[in-house]
Amino acid sequence: KQSSFFLVSKNCGFLIAHTNKGLCLSTHKSMVVLRKCDESDPSQQWIWTSSMRLNHTLMSRCLWVNQSTNIPHHTRLVKLRDCDTAPAWKCYNHRGIFGLAEMPMFLKKQGERAVVCFEQRNSNWSMITMDSEGRQVSKSLCPATGQLTFTTTEAVRCLVNVTAESINMDYCAFNFTTPGKSCSFIMNDTSHFTRCSEDIKRPNHYTCLMMGLTPGATYLFGIMSEIDGIHLNVTVQTAPAPVRSLTLQSNGSQDSLKAAWIPAIGYVDSYELSLSPSISSERDLTLPPNTTYWVFSGLTPGKMYQVLVKTKRGELTAETRTIGRTGKNYDKSYVFLEALNEKTLHLSWSPPDGDWDFYRILLFTGSSVLMNRTVERNLVEFSFTNWILIPGRLYRAAVSVESGYLISTAGCHGRLAPRSVQRLNVRHSTETSLSAVWSGPVGEWDNYTVLLKDEDTTVDTRALAHDAQECNFNNLMPGHTYTITVTTNSGEVQSSSALVTGRTIPAQVTQLRVSNKGSTDALQVLWDGAAGAVDLYRVLLIHDSVVMKNESVPPNVTSYHFQGLRSGALYRTVVTTVHRGDLSRQTVADGRTVPAAVRGVTVSNNGRMDFLSVSWRAAVGDVDSYSVTLRDQERTLHTLTVSKFSTECVFKSLVSGRLYNISISTRSGEYENHTVVQERTQPSIVLNPTATHMARDNHLKVYWRHAAGDFDYYHVSIKHNNMFHQNKTVPKTQNECVFSGLVPGRLYTVIVSTWSGRYESSVSTYGRTLPAGVQNLMLADSGTEDLLVTWVSAPGDVDHYEVQLLFNDMKVFPPITLTSSTNRYLLSSLTPGRLYKIVVSTFSGPNLSVQFIKGRTVPSKVKNIHISNAGQSSSLRVNWTPGQGDVDRYAVSLSPTGGQAEEKSVLKHVNEISFQGLLPGQQYMITVTSISESLINNSTATGRTVPSSVTALQVENQRSTSSLLVSWQAGGGVYDSYRLQLLDDRGTLVSNSSQTAEASQHNFRQLTPGKKYCVVMQTISGGISSKNVTTEGRTCPATVNNLSILSNTTTSLSFRWDLPDGEFDGFDVFLYTRDESLHDQKTGMVNMQDCSFQNLQPGTLYKVVVLTRSGDQTNDTSIWARTVPAAVTYLRADSRRSSESLWLSWKQAGAEVSSYTLLIYNPDGTQQAEQSLGPESRSYTFQRLVSGRLYQAVVLTHSGDLTNRATTTGRTDPRPPVSFSFGEITNTSLEITWSSPEITDYDDFDLQWSPRDHLSVFNPYHSPTSGNRILKGMYPGRQYNISLRTVSGAGTNNTTYSFPVYRSIRTSQWSTRHTCIRISLSISTQQEAEKFYKSILQPK
């Protein structure tokens, strides 16, 4: 049959395979790698996008490579990136050449990585897909423009044919067959999932078991083929669950029974109730699903009934039954109720005769029930606590003895103690009376009893009515303490007493005194303590009939300090004694504060040297008058009394500049306060101030005669054209100062001020600085008979210049006067070669400054120059005869023909010099220059050097073990040829050679590996040899022989080798990782022939390099080796509640892993299954295993060609037992039978039941694998839920259980006789009895 497919599909992917290697593109993180092709591996699935990009279905990212043209044309790694940045791909021909669509770069394999490069060779790729029968189909990688057609045979599809179904309360199972082969099914809905299992004995027969369903619910499940997606929908409605905890009780009633239950789990439409024997009024009842009880009335007293409750959901039902009996009359028992305290009632009783189940305790207030509780039969007392009981109230308690459905009740009365009164306190007290008041207590009471006590003695007793809230006691002792006790009475019970203490009024203080202690704002109050008991003193401060302060003082303190008062004011103090809140009579005394000092005092001399004026601001507070005193230090000069309404006065005839003390006193009553200030008169001026320049062009010295009177210091300032430039402060003991940094030759005004305090008096004078000398005085030109002098005008103020010429300090010409604008002058008719002194003077006013320089005439030439090379190739020696006249030094210059000159300086008494570092064999020109100051005269001659040796001589082995290459650079100058000699390390000649002048290297051959040699070389020029030049070299040592791997483990590698040829010093061994980074290294001597490395990564490929050392030369050889891969860790085998599969999981082995191989072995050691996985795998599930069987799981770790293993054991879950049924059923035992599961390894069965009664399990065949058990010790008529599981590996660490099989069963009823106790009640009619029982026992 012909079937058509599109190559591009949104629902499935394809594999990209390398045609020649059988490997497919996979991913590791964001890298693209090649792994063994596996169509089930999601990391190998790709799809084409509409823009011709390759999308990885698992990562949702596209195949990417850097297309930049700015990087070299090298191999580029292929990675995964976001699809909007990925390039398009295409096939270049039908042979599988595949690469980028926009530039000629082709996809290729490089090791385990995918790369692209510009070479298309070995770029062979294809697409692998799966046909409908699960077979691999290889085709072109690129999609065609239309559809491509393949001829295949359509496989038989995995259709579902349901053959049987089993639906229970909380699970369902479906059995079905399928015509397909190698099918796999799952069953699920939106919230449930299970995997269907295949019957090993019957191929193509499958079972789907769905657990954890809700009773009474409707589900829509889908059974779907995982191979071809065939889907079948099935509708399941689970059976409803029965109600729980069904009871039928009379609750003391003789003609009614109450049926109560807990609602069924899951979904319910309604409940159907029926009672047997039935009654005509209520045969079959239908109740809504939220009902939890029903009362059957009109029943026969003392009769046994059975109730049936059916849970109904649609057409499905579930039943629950129980029995109950109506009640009869019985005798009552003895009980006693008493109060333990205000909050607790204690009930006690005597136990009845015979047998009973438990007691029921009831508590009444009037006709209302406060508590209804059952207690254990071994108790004979009960306390009513944690209840809101009312103090003082009378309560009634009842005790019911219940045996089965029979009840006996007895009751009694008891009262709680009343509460104490509230807010009891003393309202009023005098010296002879006390009055107490209170509020009524919480609860109920009859009356009060009030006692007045003096310590332990009762003074008075009063009985007051229920509504009383006050009591007065008279004729008491003043200042005495009494206790008032109030007790609440309710019936014969009294409350705890409430107490309050009352006291009479205390006595007053004596000897009250007030003192200011010299303070302007404080008063000290003192008194003698009051007689008797005192709690505190209350002190009042009054001013002008106004209370300013109200303070409390402890009883042990008899004084108080008031602060913040008005200055000079009169105050009154009042002291009262306080005892327990009571006040005594008052004690009064007066006192005055010290007046405040005046403020804002101002003293001024008004610019006069003998006068002071004083003024102030009035003092704060109360003042009578002021007193002003003038003092010179400690001597009083004047004292003036001033009215309080005046604030000023004056003093005359004082000393200039003197500091006076002025005291202003404030008076109020007998107290006064002082304010002292200081002020000065105006100081006097200095006498005869004078300024002089001190023979310096920027300084002035000022001096004067001292001023009269008192003063502090002098202040001197200097100005020019009314602008101040500098000022100085001078101590009063000095009378001079110096100013610097002034303008040369300038006339200044100097002001001298006398300071006393902040006052000054000034006088001025004039002074001129010395003029500055000219600047940059220099000799501009010189000849044999003249000198030209120039200068820059002197700074500052100048009147004119004067020039003089001196020789040996003797005048040559008279002085020459020039204007202040002149800056040059020519001196002529001088003697050649002579040194002169030129002096230039600056004049400003009567002052002058002098500058001078020296000048020299031109010197004569040297004679008789002689040049010698002294046999040196790089130096020349020059000497000469000095010329006549004065010379400072010589300059000798050397220059090659047509080249740049070199110059050296020589002292005037030296006539010889040498030049070094010259070009060998070169002719030079020598010039000797006579120098006198800046004047020169020259003489010249020529000379030649000796040729030089070669430079940069070096020896290289060029990694050769038998030859040395000698190279050099030609020396400077002229030469003809070279001579070379090769010597060994003992100096023996090995070889020699001559080379032309154009040669720059020579190769010596047939030498010993690793040996050291010496090379000697000379330069020949015109038959003359240069000095010898030597160097050393060594041939490269030979590599080791036969390098091989000695051993390897997961963390170590060992290697060995044979010794190399020739000479060597030792070995270095380096260990590199795959990326050529150094991991470890070791060093050994000449006898080292093996090496080991530890602490390596398992399964990792390393490169070991053995390096031979000889001197500074090395040679190496290498080999690749891999450590044994590590075994996986945390290997675990889990059935995951499956009876035919095992799920293996593990933690990835450390370091590098190529792949994993999983093996499953049967208990007899035979192999059950095998599976290969990629290195990123962490788990795998083996299917089609035997249920309940213990398997051994082995995981092999592969790295390269090496492996390692890890093992564990795991057991599949057994299948559940079948044909679960019940045999003989009695009222206390039950026989259970079942059939063993097929194709299952099992050891035992696990039997569970609920309710969890204490039952015994009997195995009649004494074999754990037998299908029969008997449960004993069951309760008659009780419904039990039984579950049964198959056990595999019982008693081992690998025990597994099957899914449980559930059944429900009820044991048979039984009849019993009850011992009855007759209850005698004081009730006259049957209606009253019924009303009594319903009011007490009917639940609220």
Side-chain angles (χ1 to χ4, degrees), residues 6-19 21-68 75-91 98-103 105-117 123 125-130 136-143 226 229 1075 1128 1145-1149 1151-1156 1171-1181 1198:
F6 283 100
L7 287 180
V8 180
S9 174
K10 296 182 180 179
N11 301 320
C12 61
F14 52 82
L15 277 63
I16 301 177
H18 192 279
T19 306
K21 299 295 183 180
L23 300 175
C24 289
L25 290 189
S26 183
T27 59
H28 179 66
K29 297 181 179 178
S30 63
M31 298 186 300
V32 179
V33 297
L34 283 98
R35 298 282 187 262
K36 182 179 178 182
C37 293
D38 183 1
E39 63 275 6
S40 64
D41 187 355
S43 64
Q44 298 185 17
Q45 300 293 321
W46 303 83
I47 61 172
W48 281 105
T49 68
S50 59
S51 56
M52 294 305 293
R53 296 183 174 100
L54 281 169
N55 184 285
H56 190 263
T57 60
L58 181 62
M59 305 289 287
S60 296
R61 305 180 79 186
C62 288
L63 201 65
W64 176 91
V65 71
N66 191 346
Q67 298 185 89
S68 174
T75 298
R76 305 180 188 181
L77 291 177
V78 178
K79 302 179 181 179
L80 286 182
R81 290 287 175 87
D82 293 337
C83 289
D84 55 357
T85 63
W89 301 80
K90 72 173 184 179
C91 293
F98 181 76
L100 295 174
E102 297 180 359
M103 60 187 304
M105 297 190 74
F106 305 94
L107 183 65
K108 299 180 68 174
K109 170 185 176 296
Q110 187 177 73
E112 294 183 350
R113 297 297 302 271
V115 299
V116 296
C117 65
S123 177
W125 302 89
S126 61
M127 175 193 298
I128 295 179
T129 59
M130 306 301 295
Q136 290 187 353
V137 177
S138 179
K139 61 187 72 174
S140 172
L141 179 56
C142 296
E226 294 184 298
D1075 59 359
V1128 299
S1145 65
W1146 59 88
K1147 185 177 181 182
Q1148 183 183 18
E1152 297 184 6
V1153 176
S1154 301
S1155 62
Y1156 297 106
Q1171 179 65 38
S1172 295
L1173 300 175
E1176 65 280 357
S1177 301
R1178 301 293 182 274
S1179 63
Y1180 184 78
T1181 301
H1198 297 274

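Because the structure is a prediction, the values reported are computed rather than measured.
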Report yes or no: does [X] contribute a side-chain atom to a donor-acceptor pair with the main-chain N or O of [Y] at less than 3.5 Å?
X	Y	result
Q44	K36	yes
H56	L63	no
W48	L141	yes

Find the distance between [atom1] ([X]) and [atom2] ([Y]) and round it off to the nearest 0.5 Å.
X	Y	atom1	atom2	answer
I47	L54	CD1	CG	9.5 Å
T85	R61	OG1	CZ	8.0 Å
M127	L15	CE	CG	10.0 Å
M52	S50	CE	OG	10.0 Å
F14	T57	CZ	OG1	9.5 Å
S123	K109	OG	NZ	13.0 Å

[Y] side chain reached by [X] side chain, heavy atoms, under 4.5 Å:
X	Y	answer
M130	Q136	yes
W89	C142	no
Y1180	Y1156	no
T129	K139	yes
V78	L107	yes

| query | Can a donor-acceptor pair be found between the side chains of S68 and N66 at a distance below 3.5 Å? | reply | no
| said: Between S26 and S43, do the side chains contain a donor N or O and an acceptor N or O under 3.5 Å apart? | reply: yes
| task | Name all pairs fulfilling the disulfide bond (SG atoms under 2.5 Å apart) condition that reach into residues 26-66, sequence neighbours left out, sorted by first residue then second. | result | C24-C37, C62-C83
| Stepwise side chain to side chain contact (heavy atoms under 4.5 Å, CB included) check, M31 with L77 | CA-CA 8 Å; M31 298 186 300; L77 291 177; over 6 Å; no
| remark: Closest non-hydrogen contact found for R53 with S51 is NH1-OG, 2.8 Å
Taking side chain to side chain contact (heavy atoms under 4.5 Å, CB included) as the test, write out the residues that go with [X], two or more places apart.
X	value
E112	R35
C117	T75, K108, E119
S126	A17, T19, S138

| Under the side chain to side chain contact (heavy atoms under 4.5 Å, CB included) criterion, do V65 and M105 qualify, and how do the steps go? | CA-CA 10 Å; V65 71; M105 297 190 74; 5.8 Å; no
| In chain order, what residues pass the ring pair (Phe, Tyr, Trp, His ring centres under 6.0 Å) check against W64, with sequence neighbours excluded? | none
| H1198: partners by ring pair (Phe, Tyr, Trp, His ring centres under 6.0 Å), with sequence neighbours left out | none
